[in-house]
Visitor: 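Provided herewith is a single structure, encoded as structure tokens, for subsequent inquiry.
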Amino acid sequence: STSSSSHGKIQITEDPRRLIANEPLYEPDHRYEADLYAAIGSIELSNGQAELAMTHFVKAVDMYQDIGGEERAIADVCLNMAMALFRLGQFDESAEKQFQALDIYEKVVGKGKNPLIMLEDSTTTGLGKPTKIGNQEANAENQNAFRAQLVNMETLQQTLANKTLNEEL
């Protein structure tokens with residue numbers, strides 16, 4: 001509550017912390033929070049902090065699952081988790097996460113299609129949000145940029161196979 005005195009000053013008669021505590025300052029955006037966890041994990045992974053990245057990736061996946069309908073984002077994070085697990089030397093777990101991501105991608109974009117390479121006249125903004133591009137040259141340029149970022153799955157699988165073979169010997 002507020003009241004005014006004869007001098008034109010406003011006096012607050014309630015503790016302002018109580019007023020703020022009862023009113024939400026913003027509407028929570030859980031999708032945005034999940035995206036932030038995924039992005040923080042990616043940054044940590046690129047800085048060589050794979051274990052810390054995993055904690056943020058797990059949080060992102062949990063939030064995406066709670067939101068629902070975020071299969072593409074979950075697959076993207078699972079692929080990053082596979083990379084983090086690989087860097088931590090957890091090769092079997094890495095392969096499992098990679099296959100989990102591939103299974104989700106297959107459900108989202110269809111069997112035999114690479115979800116990381118853009119289709120004609122479309123690109124990806126954010127995590128899996130398709131947007132039209134009318135310019136063929138821009139589309140080709142974006143496809144080349146995505147191709148440069150792809151993880152070479154065959155090389156990763158061969159490395160896993162060689163590592164497993166070397167451990168058995």
Side-chain angles (χ1 to χ4, degrees), residues 21-160:
N22 292 333
E23 297 288 326
L25 298 176
Y26 65 95
E27 285 295 318
D29 183 346
H30 300 292
R31 169 75 159 108
Y32 181 70
E33 287 182 58
D35 288 346
L36 286 176
Y37 279 111
I40 290 168
S42 294
I43 292 167
E44 291 164 343
L45 183 60
S46 69
N47 288 328
Q49 299 174 324
E51 194 168 319
L52 189 55
M54 281 298 295
T55 62
H56 288 101
F57 291 148
V58 167
K59 182 70 174 168
V61 168
D62 288 345
M63 291 185 80
Y64 287 134
Q65 288 173 334
D66 289 344
I67 295 166
E70 298 293 335
E71 288 76 15
R72 171 65 191 255
I74 292 170
D76 291 342
V77 175
C78 284
L79 208 57
N80 284 333
M81 291 173 86
M83 196 176 311
L85 290 164
F86 184 84
R87 290 184 184 170
L88 290 169
Q90 299 175 19
F91 303 112
D92 291 339
E93 293 86 351
S94 174
E96 287 175 28
K97 274 296 171 201
Q98 188 178 72
F99 289 123
Q100 181 183 357
L102 294 175
D103 287 343
I104 296 169
Y105 282 136
E106 186 176 284
K107 291 174 188 169
V108 172
V109 298
K111 190 171 184 165
K113 295 181 183 175
N114 186 341
L116 302 178
I117 296 178
M118 294 171 297
L119 302 175
E120 188 175 326
D121 290 332
S122 67
T123 186
T124 305
T125 58
L127 293 172
K129 304 284 185 196
T131 305
K132 291 287 184 185
I133 293 180
N135 183 334
Q136 290 288 346
E137 290 173 8
N139 188 33
E141 183 178 316
N142 288 332
Q143 284 182 353
N144 290 334
F146 265 121
R147 284 188 185 108
Q149 295 175 13
L150 290 179
V151 174
N152 186 332
M153 298 298 190
E154 290 178 11
T155 302
L156 181 58
Q157 289 172 344
Q158 185 62 43
T159 303
L160 287 172

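Just so you know, these numbers use all the heavy atoms, side chains as well, and skip hydrogens, waters and symmetry mates. Numbers here are sequence positions counted from 1.
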Visitor: Search all heavy atoms of Ala53 against all heavy atoms of Gly41 and return the closest pair with its distance.
Guide: CB-O, 3.2 Å
Visitor: Just do the side chain to side chain contact (heavy atoms under 4.5 Å, CB included) check on Glu96 and Gln100 with the steps written out, would you?
Guide: CA-CA 6 Å; Glu96 287 175 28; Gln100 181 183 357; over 6 Å; no
Visitor: For Glu106, does the CD atom sit with more than 12 other heavy atoms under 6.0 Å from it, leaving out its own atoms?
Guide: yes
Visitor: Test of understanding: with side chain to side chain contact (heavy atoms under 4.5 Å, CB included), list the residues that count as partners of Ala50, not counting sequence neighbours.
Guide: Leu45, Ala84, Arg87, Leu88
Visitor: Would a distance-only check, ignoring hydrogens and angles, find a side-chain to backbone donor-acceptor pair under 3.5 Å from Ser42 to Ala38?
Guide: yes
Visitor: Any chance you could measure Ile67, atom CD1, to Tyr32, atom OH, to the nearest 0.5 Å?
Guide: 13.5 Å
Visitor: Thinking salt bridges, do Arg31 and Asp35 make one under a 4.0 Å N-O criterion?
Guide: yes
Visitor: Decide yes or no for His30 and Tyr64: does some side-chain heavy atom of the first lie under 4.5 Å from some side-chain heavy atom of the second?
Guide: no
Visitor: Yes or no on side chain to side chain contact (heavy atoms under 4.5 Å, CB included) for Val61 and Met81, after CA distance, side-chain angles and deciding distance?
Guide: CA-CA 10 Å; Val61 168; Met81 291 173 86; 4.0 Å; yes
Visitor: Run the numbers on Tyr105 and Arg72 for side chain to side chain contact (heavy atoms under 4.5 Å, CB included), then give the verdict.
Guide: CA-CA 7 Å; Tyr105 282 136; Arg72 171 65 191 255; 3.6 Å; yes
Visitor: Kindly give the heavy-atom pair with the smallest separation between Ala60 and Ala34, and that separation in Å.
Guide: CB-O, 3.5 Å
Visitor: What distance separates Ile43 CD1 from Leu52 CG, expressed to the nearest 0.5 Å?
Guide: 11.5 Å
Visitor: CD of Glu33 to CG of Asp66: how many Å apart, nearest 0.5 Å?
Guide: 11.0 Å
Visitor: Report the residues that fulfil side chain to side chain contact (heavy atoms under 4.5 Å, CB included) with Glu71, sequence neighbours left out, ordered by chain and then residue number.
Guide: Ile104, Val108
Visitor: To the nearest 0.5 angstrom, please state how far the CG atom of Leu85 sits from the CE atom of Met83.
Guide: 11.0 Å
Visitor: In Å, rounded to the nearest 0.5 Å, how long is the span from CG of Leu79 to CG of Leu102?
Guide: 7.0 Å
Visitor: Do Met63 and Lys59 come within less than 4.5 Å of each other through their side chains, counting heavy atoms only?
Guide: yes
Visitor: Does a side chain donor of either Asp62 or Tyr37 reach within less than 3.5 Å of an acceptor in the other side chain?
Guide: no
Visitor: How long is the gap from OG1 on Thr55 to CD on Gln49, to the nearest 0.5 Å?
Guide: 10.0 Å
Visitor: Check Leu36, Asn80, Ile40, Val77 against His56 for a side chain to side chain contact (heavy atoms under 4.5 Å, CB included) and give me the one that passes.
Guide: Ile40
